Asks: 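Just passing along the structure, written as structure tokens.
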Amino acid sequence: MSSAGTSVFEITQSLGEVDAARIKRLLEGGVKIPPQPRVLEELRKHMKRSEMDVRLLARVINQDPGLTAMLFKVVGNSAYRQHQPFGTVEEILHAVGVRQTFNLVQAIALSGAGEIKKNRLVYETFWARSHAIGQLAMLIADERIAVCKVFPDQAYLAGIFHDCGVPLLMQRFPTYCAEMRLGTPGCWVDLAEEDRKFNADHCVVGYLVARHWHLPEFICDAIRYHHAIGELGLHEARSMVAIIQLAEDIHCLDHRVPNPEWDRIKADVLPELGLNEEALPEFVDVILERFNGCVEA
């Protein structure tokens with residue numbers, strides 16, 4: 001793969017005829033896939049060397065003060081409680097791991113990509129929701145790592161990227177935000193309505209972004225099928241989707257808003273995580289206690 005990212009043409013070849021045609025139409029209509037920030041390109045270049053210099057990687061990350069500040073916030077998650085407190089980026093790289101830290105930096109970088117021309121409050125709310133779901137997903141992965149073999153950095157990456165097609169469709173369609181009621185608390189995108197009104201699918205758009213940014217293949221698949229867990233079969237992406245969907249439901253519970261999707265998918269989600277309905281309330285309490293401890297810290 002080139003350092004610039006997998007080409008859009010190459011990615012569309014992996015899609016079915018219908019999805020490929022949709023992507024082609026959206027790109028021709030003005031949907032712009034956000035380029036990877038320079039800091040990611042620099043990190044990837046240094047990580048390819050036979051001997052990595054952690055001090056050099058830390059200097060590259062420190063070039064972006066906003067990204068660095070957010071990295072410290074993310075590793076404040078209690079999924080990394082055994083390593084805290086962190087004093088420097090170099091300490092984070094040593095304790096969390098270079099690849100794991102890169103995953104976190106990729107996720108953080110996405111939320112700063114793209115130009116916001118209107119609906120700023122909706123964008124800010126969207127990314128706040130994505131970061132919260134990413135943090136919850138980290139904690140679920142940490143608690144269920146023996147069952148799922150998914151690590152907190154991977155769960156955070158998927159949590160941030162899973163709905164990233166939404167802001168791109170907001171940019172493409174002037175009425176998307178209003179018709180999907182994204183400014184209304186508790187409302188989220190309905191796939192059937194999205195398809196009917198815009199002939200678009202934010203899951204496929206998100207998959208395109210994830211592939212272009214070189215995310216691990218199973219995370220790309222989880223993004224594509226995060227509303228269709230039943231289509232994944234016995235696949236590591238299935239565990240990731242289960243983590244994302246439970247994180248979304250816990251986020252809804254924490255904000256006291258309905259989650260119309262949960263009743264339809266919980267029979268697939270819970271066994272994938274080694275949980276059942278009887279054990280779920282106690283598990284949710286554990287996650288929320290850890291999550292709210294991170295927020296307060």
Side-chain angles (χ1 to χ4, degrees), residues 11-12 14-27 29-31 33 110 119 122-123 125-127 129-130 132-134 136-137 158-212 215 218-233 235 237-253 255 257-270 272:
I11 298 166
T12 55
S14 68
L15 299 171
E17 185 178 343
V18 173
D19 286 340
R22 278 181 169 176
I23 287 295
K24 183 174 183 291
R25 183 181 58 80
L26 288 169
L27 292 172
V31 166
I33 304 303
L110 179 70
N119 298 316
V122 175
Y123 273 96
T125 302
F126 170 85
W127 287 117
R129 175 185 182 274
S130 294
I133 289 170
L136 288 164
I160 293 293
F161 269 82
H162 81 287
D163 272 335
C164 70
V166 169
L168 298 187
L169 293 176
M170 284 171 59
Q171 292 171 14
R172 167 63 184 88
F173 299 108
T175 63
Y176 183 89
C177 183
E179 296 209 42
M180 294 291 100
R181 300 176 298 283
L182 295 183
T184 304
C187 284
W188 196 238
V189 176
D190 179 277
L191 282 181
E193 189 176 9
E194 182 182 61
D195 182 34
R196 185 173 64 254
K197 291 183 175 178
F198 301 101
N199 189 23
D201 183 336
H202 71 273
C203 305
V204 177
V205 177
Y207 171 81
L208 184 69
V209 176
R211 286 286 309 276
H212 191 62
L215 266 60
F218 83 102
I219 294 180
C220 295
D221 288 340
I223 291 164
R224 185 176 177 186
Y225 294 103
H226 72 268
H227 288 294
I229 187 171
E231 295 183 29
L232 285 168
H235 191 291
R238 184 180 172 93
S239 294
M240 185 65 85
V241 172
I243 288 170
I244 291 170
Q245 287 292 0
L246 182 54
E248 287 201 345
D249 192 59
I250 294 175
H251 184 263
C252 288
L253 289 170
H255 287 77
V257 296
N259 179 3
E261 196 170 6
W262 182 247
D263 285 340
R264 178 179 66 81
I265 61 171
K266 64 183 179 182
D268 286 315
V269 169
L270 295 180
E272 190 66 29

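None of the values given here were measured: they were computed from a predicted structure.
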Asks: May I ask you to decide if the ring planes of His162 and His226 are parallel, tilted or perpendicular, using 30° and 60° as cut-offs?
Replies: perpendicular

Asks: To the nearest 0.5 Å, what is the distance between OG1 on Thr125 and CG on Leu182?
Replies: 10.0 Å

Asks: Atom CD1 in Ile33, atom CZ in Arg211: separation rounded to 0.5 Å?
Replies: 12.5 Å

Asks: With rounding to the nearest 0.5 Å, note down the distance linking CD1 in Ile223 to CG in Leu215.
Replies: 5.5 Å

Asks: How far apart are the closest heavy atoms of Cys203 and Arg224, and which atoms are they?
Replies: CB-O, 3.3 Å

Asks: Which atom names give the shortest non-hydrogen contact between Pro258 and Cys252, and what distance separates them?
Replies: O-SG, 3.9 Å

Asks: Sort and list the pairs that fulfil side chain to side chain donor-acceptor pair (under 3.5 Å) and have at least one residue in residues 182-191, not counting sequence neighbours.
Replies: Asp163-Trp188

Asks: May I ask you to decide if Pro167's main-chain N or O and Tyr123's side chain share a donor-acceptor pair within less than 3.5 Å?
Replies: yes

Asks: Please round to the nearest 0.5 Å and tell me the distance separating atom CH2 of Trp262 and atom CD of Gln245.
Replies: 7.5 Å

Asks: List the steps, then state whether side chain to side chain contact (heavy atoms under 4.5 Å, CB included) holds for Val166 with Phe126.
Replies: CA-CA 9 Å; Val166 169; Phe126 170 85; 3.9 Å; yes

Asks: Which atom pair, heavy atoms only, marks the closest approach of Asn259 to Glu248?
Replies: ND2-C, 4.5 Å

Asks: Compare every heavy atom of Cys164 with every heavy atom of Leu110, then report the nearest pair and how far apart it is.
Replies: CD2-CB, 3.7 Å

Asks: May I ask you to test the Tyr225-Arg238 pair for a side-chain heavy-atom distance under 4.5 Å?
Replies: no

Asks: Could you walk me through whether Tyr176 and Lys197 pass the side chain to side chain contact (heavy atoms under 4.5 Å, CB included) test, one step at a time?
Replies: CA-CA 9 Å; Tyr176 183 89; Lys197 291 183 175 178; over 6 Å; no

Asks: So does Glu179 get a backbone contact from the side chain of Arg181, meaning a donor-acceptor N/O pair under 3.5 Å?
Replies: yes

Asks: With the side chain counted from C-beta on, respond yes when Val205 and Ile23 share a heavy-atom pair under 4.5 Å apart, and no when they do not.
Replies: yes

Asks: Restricting to non-hydrogen atoms, name the atom on Ala137 and the atom on Ala247 that form the minimum distance, rounded to 0.1 Å.
Replies: N-CB, 3.8 Å

Asks: What distance separates Leu232 CG from Asp268 CG, expressed to the nearest 0.5 Å?
Replies: 10.0 Å

Asks: Minimum heavy-atom separation for Val269 to Leu246, with atom names?
Replies: CG1-CB, 4.3 Å

Asks: Is there a donor-acceptor contact under 3.5 Å from the side chain of His255 to the main chain of His251?
Replies: yes

Asks: State the SG-CG distance between Cys220 and Leu208, to the nearest 0.5 angstrom.
Replies: 10.0 Å

Asks: Do Arg25 and Asn199 come close enough that some side-chain heavy atom pair is under 4.5 Å?
Replies: yes

Asks: So do Phe198 and Met180 actually touch side chain to side chain, heavy atoms under 4.5 Å?
Replies: yes

